[in-house]
Number of protein chains: 2
Amino acid sequence: MPNENKTSLENSRAQMRKGLLEYCILLVISRKKVYASDIIASLRTADLLVVEGTMYPLLSRLKNDGLLDYHWQESKSGPPRKYYELTSHGKAMLKQLDGTWEMLQSSINALRLARA
Amino acid sequence: MPNENKTSLENSRAQMRKGLLEYCILLVISRKKVYASDIIASLRTADLLVVEGTMYPLLSRLKNDGLLDYHWQESKSGPPRKYYELTSHGKAMLKQLDGTWEMLQSSINALRLARA
DNA sequence: CATACTACCTTTTAATGCAAGGTAGTGGGG
DNA sequence: CCCCACTACCTTGCATTAAAAGGTAGTATG
């Protein structure tokens, strides 16, 4: 008796996205200064769903790890925003993760090719 | 004051691997009938570290979700083994995840190219 | 001045990877 | 015949963390 297969699929998909989230956020921030909603919008464009409740704690964590820094900037319409950018540690980390991503890609694509 | 940067990197790497674990396990099983230690060995070869305490519960979950099935088979040296194979649901799921993986790859590689 | 909107943040819950520890079948050496 | 090593299975407890839901506050608009 299969246990809700659709859920299982969505679950797996979510997991795949989750694992890559941190890397993607660093990628987005590396392009230009952005604030939380910018990041969410960019990732949504790339089919990577994220919600606020995920983004804010994650940004805080990355900040505490010394990978990000931010400064307040007023908005023409609404409350002020926190604009994030990479620190030098963040840039170094991103470079490392680029390597990890490339390895992962080739490992998995090798597994895929090895199929009957 | 950066908060242990090396840990942060290892953490991110682990997360990336974790998210793709389920997909990789299905890939390995799709090639031929295997038992837990086979899977761990295959993934290790592909630089994807997994340990027993992760593998067994995960296999049980996939079984309960109706994606896998197994049968016992005696070994020439040691206790009997559980050989796993994909059910038809599992095969369908794997096909879906292939699509997800391809989309993820192109999304992320697009983000990477868009860098300054 | 009240409502809508944007942006930030926190609390709580559930999932899950992993370390560590536990059970049991098999076979070889003493 | 017994003990020890090896292999394979599984479970318990912990720490991390994504996400849902709810909360605060500044700004603009009718």
Side-chain angles (χ1 to χ4, degrees), chain A residues 3-4 7-25 33-44 48-65 67-84 104, chain B residues 3-4 7-26 33-44 48-65 67-84:
Chain A
N3 210 356
E4 285 285 320
T7 303
S8 191
L9 174 61
E10 270 319 310
N11 192 357
S12 276
R13 282 192 164 140
Q15 274 185 298
M16 288 169 78
R17 269 188 269 114
K18 278 201 289 195
L20 297 166
L21 233 195
E22 211 171 293
Y23 176 47
C24 290
I25 288 174
K33 294 184 183 178
V34 283
Y35 72 108
S37 301
D38 283 338
I39 302 176
I40 293 174
S42 290
L43 296 183
R44 186 176 308 277
L48 295 156
L49 299 184
V50 206
V51 295
E52 286 194 329
T54 300
M55 188 56 79
Y56 286 105
L58 187 45
L59 288 173
S60 295
R61 211 188 75 218
L62 297 174
K63 167 77 166 59
N64 289 335
D65 288 348
L67 305 172
L68 301 182
D69 209 350
Y70 66 76
H71 61 97
W72 287 98
Q73 191 168 310
E74 300 199 347
S75 162
K76 283 169 187 162
S77 61
R81 301 165 176 175
K82 272 189 178 178
Y83 277 84
Y84 286 90
L104 267 178
Chain B
N3 209 356
E4 284 287 318
T7 303
S8 192
L9 174 61
E10 269 321 308
N11 192 356
S12 275
R13 282 193 164 139
Q15 274 186 296
M16 287 169 78
R17 268 188 270 115
K18 280 200 289 196
L20 297 166
L21 232 195
E22 211 170 295
Y23 176 47
C24 290
I25 288 174
L26 294 178
K33 295 184 183 179
V34 283
Y35 72 108
S37 301
D38 282 339
I39 303 176
I40 293 175
S42 289
L43 296 183
R44 189 177 307 277
L48 294 156
L49 298 185
V50 207
V51 295
E52 285 194 328
T54 301
M55 186 58 78
Y56 286 106
L58 186 45
L59 288 173
S60 295
R61 211 189 74 218
L62 296 174
K63 166 79 167 57
N64 289 335
D65 288 349
L67 304 172
L68 300 182
D69 209 350
Y70 66 77
H71 62 96
W72 287 98
Q73 191 168 311
E74 299 199 347
S75 162
K76 284 168 188 162
S77 62
R81 302 167 175 172
K82 274 188 177 178
Y83 276 84
Y84 287 91

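Here is the naming used below: chain letters follow the sequence lines, and residue numbers restart at 1 for every chain.
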Is B:Gln15 close enough to D:dA18 that one of its side-chain N or O atoms is under 4.0 Å from OP1 or OP2 there? yes
Suppose we screen for salt bridge (charged side-chain N to carboxylate O under 4.0 Å, His left out). Which residues come up paired with B:Arg17, at least two apart in sequence or across chains? none
What integer distance in Å separates A:Arg17:CZ from C:dT16:P? 14 Å
Applying side-chain hydrogen bond (donor to acceptor under 3.5 Å, both in side chains) to A:Tyr23 and not counting sequence neighbours gives A:Asp98, B:Arg112
Identify, with sequence neighbours excluded, every residue that meets side-chain hydrogen bond (donor to acceptor under 3.5 Å, both in side chains) alongside A:Gln15. none
Rounded distance (Å) that lies between atom C1' of C:dA19 and atom CD1 of B:Ile40: 14 Å
Residue whose closest nucleotide on DNA chain D lies nearer the 5' end, A:Lys76 versus A:Leu49: A:Leu49
Sequence neighbours excluded, the answer for salt bridge (charged side-chain N to carboxylate O under 4.0 Å, His left out) partners of A:Arg81 is none
Could you state the atom-to-atom distance from CG of B:Asn64 to P of C:dA15 in whole Å? 14 Å
Give the rounded distance in Å between these two atoms: CD of B:Glu10 and P of C:dC18. 12 Å
For B:Arg44, which residues count as a salt bridge (charged side-chain N to carboxylate O under 4.0 Å, His left out) partner, sequence neighbours excluded? none
Report the distance from atom CD of B:Glu22 to atom C1' of C:dC18, rounded to the nearest whole Å. 16 Å
Heavy atoms under 4.0 Å is the rule here; annotate nucleotides 1-13 of chain C 5' to 3' with B where the base is hit, S where only the sugar-phosphate is, and - elsewhere. -----BSBBB---
A:Glu74 CD to D:dT27 P: how many Å, rounded? 7 Å
Could you state the CG-P distance from B:Asn11 to C:dT16, rounded to the nearest angstrom? 17 Å
How far apart are the closest heavy atoms of B:Ala36 and B:Met55, and which atoms are they? CB-CG, 4.3 Å
In whole angstroms, how far is the P atom of C:dG17 from the CE atom of B:Met16? 16 Å
